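Since the model is a prediction, treat every value here as computed from it, not as a measurement. A note on names: the letters A, B, ... follow the listed sequences, proteins ahead of strands, and every chain is numbered from 1.
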Amino acid sequence: MNVVVVFCHPSEESFVAHLRDRLVAPLLAGGHDVTLLDVGAGSETAAAHRLVLERADAVAFVYPTWWSGLPGALTEWVGAVWPEPFAGETPRRPAFPGIRRLAVVTTHGSSRLVNAVEGRAGRLLLTRALPGACHPRCRVSWHALYGLDRARPARRRRFADRVERLAGDLAFRRA
Amino acid sequence: MTSPVAGPDRPIALVVHAYPSPHPLGERLLDAAVSGLTPRYRTVVLDVASAGYRPAMTRKEWEAYLTEHPILDPVVASHAALVVQARALVFVYPSVWFGLPGVLKGWLDRTLVPGVAFTIGPDGRVRPGLRELRAIAGVTTYRQNAAVTRRAGDGGRRTLLRALRLDAPRRVRTRWVGLPAAGAAAGGVVDRFVGRVARELAGL
């Protein structure tokens, strides 16, 4: 299976980079084709990334939630790579009809309650808006660690374990 | 950045403009916003979509985020100095997927850091930091119609009027002026919208 992991974080030392590694390792071990898009670091064009998504069966986003949404670099990437329909425009087919599985892995510095008050703009974008550009029966899942700023190491470990187990669920067909 | 002729006693309205240039409608909306604000405020415009503003936080900036000096870039420092003085924050931008364009989201990430928008106490709790702020407003154009935008959650409005608002004093006023289906809007509809922008911001 073609799995695309869209990663965005400025530091390789971050917990979010660790989560990406925990997700990617079991996918590779399972024999899947994994394409890692490191958003904000590379100089690849939007067109090249669109080609990657056209071949994808599953996509996972891995990023930190800042100001209730995606980091600026990832927000820009979504705008450049995912075609947004105009009002009244009914595309003959979605932009990425091959994508049947979409998963989001993210960390929030603040609590779940604060995030609810803030409005969860990132969650709305990735779990409600973008699936419209995927396969009509695309399955979407949300995996978030809230309160990262005050999380004890044990909670971080449990979350990272959960992300590792997600790999099996993300690659829904054998390699 | 423009500083119009104004008395020094008037409060500052900081207008963050994120339409790419050239963009005729974006320019009209900016002009309408500034003309509405100017009688009451000293208006300062930051044009973040041009002049090569970088939305991505760098590794060094991320590492500095929780230190005493989270801002490393002099351009960001000049923006932050305006934010802490601003009585009104006004965002003028084209919605992308119902939310902020990347450049504007990156501006929030890099400018509204600890010590500017909020402080983190020794107990780890976040406290509001925008003490001068009394009003937040958004002016935007959407690709989709009003019903689709509402169903999608209107993410940009949530980010600015809910998430950002948490760092302002309780009595902060908010205004939202949005034009749905902007690409298909007839000239008359656009003209009326531009007029509404000026009126709404005159009352901010």
Tell me if the CZ atom of A:Arg100 is crowded by more than 12 foreign heavy atoms within 6.0 Å.
no
With a 4.5 Å cut-off on heavy-atom pairs, point out which of B:Asn145, B:Thr149, B:Leu164 contacts chain A the most.
B:Leu164
Top contributor to chain B contacts, counting heavy-atom pairs under 4.5 Å, from A:Leu74, A:Leu125, A:Asp149, A:Leu130
A:Leu130
Contact class of B:Ala181 relative to chain A, heavy atoms under 4.5 angstrom:
both
Rounding to 0.5 Å, atoms CG (A:Leu126) and CH2 (B:Trp97) come to a distance of 10.5 Å
Part of A:Pro64 lying under 4.5 Å from any heavy atom of chain B:
neither
So which of B:Arg59, B:Arg125, B:Arg165 has the largest heavy-atom pair count under 4.5 angstrom toward chain A?
B:Arg59
Heavy-atom distances under 4.5 Å only: say whether A:Trp82 touches chain B with side chain, backbone, both or neither.
both
Highest number of heavy-atom pairs under 4.5 Å with chain B among A:Gly122, A:Pro71, A:Gly109, A:Ala121 belongs to A:Pro71
Taking all heavy atoms of A:Leu124 and all of B:Gly153, pick out the closest pair and write down the distance.
CD1-CA, 3.9 Å
Okay, B:Leu112 and chain A: the region with an atom under 4.5 Å from a heavy atom over there is both
Let me know if B:Thr58 has heavy atoms under 4.5 Å from chain A in its side chain, its backbone, both or neither.
backbone
For atom CD of B:Glu27, is the number of surrounding heavy atoms from other residues, nucleotides or ligands below 6.0 Å larger than 12?
yes
If every non-hydrogen atom of A:Val114 is compared with every non-hydrogen atom of B:Leu166, which pair is closest and at what distance?
CG1-CD1, 4.2 Å
Where do B:Trp62 and A:Pro10 come nearest, in terms of heavy atoms and distance?
CB-CG, 3.6 Å
Considering residues, nucleotides and ligands other than A:Arg162, do more than 12 of their heavy atoms fall under 6.0 Å from its CZ?
yes
Which one wins on heavy-atom pair count under 4.5 Å against chain B: A:Glu76, A:Arg120, A:Glu118?
A:Glu118
Between B:Lys105 and A:Leu70, which heavy-atom pair has the shortest distance, and what is it?
NZ-O, 2.8 Å
Please determine whether side chain to side chain contact (heavy atoms under 4.5 Å, CB included) holds for the pair A:Phe86 and B:Gln144, giving the CA-CA distance in whole Å, both sets of side-chain angles, and the decisive distance to 0.1 Å.
CA-CA 6 Å; A:Phe86 283 98; B:Gln144 282 294 348; 5.8 Å; no
Derivation of the side chain to side chain contact (heavy atoms under 4.5 Å, CB included) call for B:Val96 and A:Glu84
CA-CA 8 Å; B:Val96 178; A:Glu84 182 189 1; 4.2 Å; yes
Heavy-atom cut-off 4.5 Å, strictly under: side chain, backbone, both or neither for A:Ser110 against chain B?
neither
So, the part of B:Arg151 with a heavy atom under 4.5 Å from chain A: the answer is backbone
Give a yes or no answer on whether the side chain of B:Arg158 reaches the backbone of A:Ser68 with a donor-acceptor pair at less than 3.5 Å.
no
For chain A, which of B:Thr159, B:Leu161, B:Val148 has the most heavy-atom pairs under 4.5 Å?
B:Thr159
Top contributor to chain A contacts, counting heavy-atom pairs under 4.5 Å, from B:Ala182, B:Ala163, B:Pro180, B:Gly99
B:Ala163
CG of B:Asp167 to CH2 of A:Trp67, rounded to nearest 0.5 Å, is 4.0 Å
